[in-house]
Chemist: 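The structure is given below, and queries will be raised subsequently.
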Amino acid sequence: MSKIAFIYPGQGAQKAGMGADFYEKSPVARDIYDRASEALGLDMRALCFEENEKLDLTEYTQAALVTTCLAITETLKDVTEGAGHTYGSGNLTPSVTAGLSLGEYCAIAAAGGMDVIDAVRLVRKRGILMQNTVPAGEGAMAAILGMTGEAIEHVLDGMDNVTIANYNCPGQIVITGETKAVEAACAALKEAGAKRAVALNVSGPFHSPMLRDAGNRLAEELESVELSKLRIPYVTNVTAEKVTDIADTKALLARQVSMPVRWQQCVETMTADKVDTFIEIGPGRTLAGFMRKINRDVKVYNIAEWSDIEKVISEIEGETAWKEK
């Protein structure tokens with residue numbers, strides 16, 4: 001039997017229309033979108049399903065993406081259990097979850113540690129804090145291609161106000177910090193052997209020490225959130241280790257805002273624990289792309305659209321019959 005991980009993308013995976021077919025076909029997904037709209041005072045259907053400028057603004061993006069990913073997750077559970085499949089006790093049961101940056105909130109909720117609507121409320125506040133803590137134009141991020149994390153660390157050790165934000169996969173590392181420092185680092189890294197340094201279209205220096213204040217304020221928000229005992233572990237971006245005690249979660253989420261995302265190491269933790277099947281839940285195939293560079297020996301599936309559920313069930317369980325809810 002395969003050992004499965006559910007994995008969730010971070011900001012940047014969002015796209016207009018995401019989740020619309022789930023809203024149409026699944027009462028469970030519809031309920032999540034509607035409750036998220038009520039909780040946030042936002043029209044989540046318009047935000048997620050229609051072309052609009054807000055979807056790419058951090059303060060809206062995070063809530064929209066988490067709502068969509070968790071609506072898909074709960075639909076998968078509902079459909080498979082309703083069809084007599086084994087999400088709850090067999091072949092479609094995740095042994096662990098993980099998410100890249102924002103996706104970690106989905107991972108925690110899917111692992112049983114956080115209520116879906118609490119997760120949506122939290123990431124709405126997280127998005128506002130991350131967008132507004134550093135004035136526009138004062139922070140930047142860039143993807144460094146074709147260079148190892150160790151080599152990048154060596155170059156950055158001699159520079160101020162720029163650090164690594166994401167260890168995505170071999171050959172793709174993201175740096176973050178003050179705008180001028182990131183520009184100088186890009187030049188230095190290209191001189192040191194990087195194939196490319198690509199400026200990212202983001203609204204701030206995410207996962208930078210510049211966002212420590214945002215993390216501290218998020219910690220205050222987390223104090224009022226009631227978490228639950230984890231049904232299964234999740235892997236945290238901060239240390240790339242499995243979390244089995246929900247008591248550790250609030251501190252980790254507060255630190256995550258200003259700490260590097262160790263995604264490659266998170267995947268390596270899961271594969272070392274014999275996870276051989278990864279199901280990316282949410283729009284796009286960003287994590288599947290990273291996986292090809294991290295470990296080609298594992299199976300990776302993606303559930304972004306309604307029709308993907310049937311494909312995943314058929315391929316993982318070796319069955320062709322399923323029941324649409």
Side-chain angles (χ1 to χ4, degrees), residues 6-23 26 28-75 97 99-111 113-133 201-204 206-207 211 214-215 217-227 234 237 249-250 253-254 256-257 261 280-284 286-287 303-304:
F6 282 4
I7 55 177
Y8 296 90
Q11 189 168 334
Q14 73 277 359
K15 66 175 184 177
M18 62 181 185
D21 51 350
F22 287 91
Y23 187 91
S26 166
V28 171
R30 192 176 309 124
D31 178 65
I32 289 174
Y33 278 104
D34 290 347
R35 286 195 292 132
S37 295
E38 182 178 356
L40 301 183
L42 297 174
D43 186 343
M44 297 302 289
R45 290 177 296 173
L47 180 61
C48 296
F49 305 159
E50 301 172 8
E51 293 286 349
N52 66 93
E53 295 180 353
K54 287 184 176 180
L55 185 57
D56 291 326
L57 296 177
T58 298
E59 65 172 287
Y60 297 102
T61 303
Q62 298 199 6
L65 190 56
V66 166
T67 297
T68 297
C69 290
L70 292 179
I72 295 172
T73 301
E74 292 302 308
T75 297
T97 63
L100 191 152
S101 186
L102 173 67
E104 189 161 305
Y105 287 78
C106 299
I108 295 166
M114 189 181 295
D115 176 76
V116 169
I117 301 304
D118 283 343
V120 172
R121 286 196 188 100
L122 266 175
V123 298
R124 168 70 169 155
K125 293 173 182 176
R126 179 183 186 265
I128 292 171
L129 288 170
M130 291 177 70
Q131 181 164 305
N132 296 335
T133 296
N201 183 21
V202 294
S203 58
F206 302 151
H207 298 290
L211 289 188
R217 292 171 66 187
L218 181 63
E220 296 173 4
E221 298 287 350
L222 282 160
E223 284 304 310
S224 63
V225 177
E226 183 176 347
L227 302 181
Y234 73 94
N237 294 171
T249 294
K250 291 183 179 181
L253 288 178
Q256 189 223 49
V257 172
V261 172
E280 180 178 1
I281 297 177
T286 301
L287 302 183
I303 299 179

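Since this is a predicted model, take the numbers as computed values, not measurements.
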Chemist: According to the ring-ring contact (aromatic ring centres under 6.0 Å, His included) rule, which pairs have a member within residues 53-72, sequence neighbours left out?
Modeler: none
Chemist: Taking the side chain as every heavy atom from C-beta outward, state whether D34 and E38 have any pair of such atoms under 4.5 Å apart.
Modeler: no
Chemist: Between L122 and L222, which heavy-atom pair has the shortest distance, and what is it?
Modeler: CD1-CD2, 3.6 Å
Chemist: Return the set of residues passing salt bridge (Lys or Arg N to Asp or Glu O under 4.0 Å) with R35 (not counting sequence neighbours), or none when no residue passes.
Modeler: D31
Chemist: Find the distance between OG1 (T133) and CZ (R217) and round it off to the nearest 0.5 Å.
Modeler: 5.5 Å
Chemist: Can you name the closest pair of heavy atoms from A36 and V120 and give their distance?
Modeler: CB-CG1, 4.1 Å
Chemist: Please name the pair of heavy atoms, one in A219 and one in A254, separated by the smallest distance, quoted to 0.1 Å.
Modeler: CB-CB, 3.8 Å
Chemist: Kindly indicate whether the side chain of T75, heavy atoms from C-beta on, has any atom under 4.5 Å from the side chain of I32.
Modeler: no
Chemist: Can you name the nearest heavy-atom pair linking T97 to A110, along with the distance?
Modeler: CG2-CB, 4.2 Å
Chemist: Is there a donor-acceptor contact under 3.5 Å linking the side chains of R126 and Q256?
Modeler: yes
Chemist: Sequence neighbours left out, what passes side chain to side chain contact (heavy atoms under 4.5 Å, CB included) with A39? Give chain and number order.
Modeler: I117, R121
Chemist: Side-chain contact test, heavy atoms from C-beta onward, threshold under 4.5 Å: evaluate it for L253 versus M114 and give yes or no.
Modeler: yes
Chemist: Can you check whether E50's main-chain N or O pairs, donor with acceptor, with N52's side chain at less than 3.5 Å?
Modeler: yes
Chemist: Would you please name every residue forming a salt bridge (Lys or Arg N to Asp or Glu O under 4.0 Å) with R124, sequence neighbours left out?
Modeler: E59
Chemist: Could you tell me the separation between the CD1 atom of I281 and the SG atom of C106, rounded to the nearest 0.5 Å?
Modeler: 9.0 Å
Chemist: Roughly how far, to the nearest 0.5 Å, is CG of L40 from OG1 of T67?
Modeler: 6.5 Å
Chemist: If you define the side chain from C-beta out and look only at heavy atoms, does anything of L47 sit under 4.5 Å from D43?
Modeler: no
Chemist: Do S101 and N237 make a side-chain contact, defined as non-hydrogen atoms from C-beta onward lying under 4.5 Å apart?
Modeler: yes
Chemist: Short question: side chain of E280, backbone of L287 - any donor-acceptor pair under 3.5 Å?
Modeler: yes
Chemist: Of the non-hydrogen atoms in A63 and V123, which two are nearest, and what is the gap between them?
Modeler: CA-CG2, 3.7 Å
Chemist: Begin from the C-alpha positions of F49 and Y33 and carry the test ring pair (Phe, Tyr, Trp, His ring centres under 6.0 Å) through to its verdict.
Modeler: CA-CA 11 Å; F49 305 159; Y33 278 104; 5.1 Å; yes
Chemist: Kindly compute the distance separating NZ (K250) from CD1 (I108), expressed to the nearest 0.5 Å.
Modeler: 11.5 Å
Chemist: List the atom pairs, donor and acceptor, that lie under 3.5 Å between side-chain atoms in residues 6-18 and the rest of the protein, sequence neighbours left out.
Modeler:
residue : atom : partner : partner atom : Å
Y8      : OH   : T73     : OG1          : 2.9
Q11     : OE1  : Q62     : NE2          : 3.0
Q11     : NE2  : T58     : OG1          : 2.9
Q14     : OE1  : G12     : N            : 2.7
Q14     : NE2  : D56     : OD1          : 3.0

Chemist: For residues E226 and D115, determine if any side-chain heavy atom of one lies less than 4.5 Å from a side-chain heavy atom of the other.
Modeler: no
Chemist: Of all residues at least two apart in sequence or in a different chain, which pass the ring-ring contact (aromatic ring centres under 6.0 Å, His included) check with F206?
Modeler: none
Chemist: How about S37 and L42: do any of their side-chain heavy atoms sit closer than 4.5 Å?
Modeler: no
Chemist: For L65 versus P283, what's the shortest heavy-atom pair and its separation?
Modeler: CD1-CG, 3.6 Å
Chemist: Any chance you could measure Y105, atom OH, to T249, atom OG1, to the nearest 0.5 Å?
Modeler: 10.5 Å
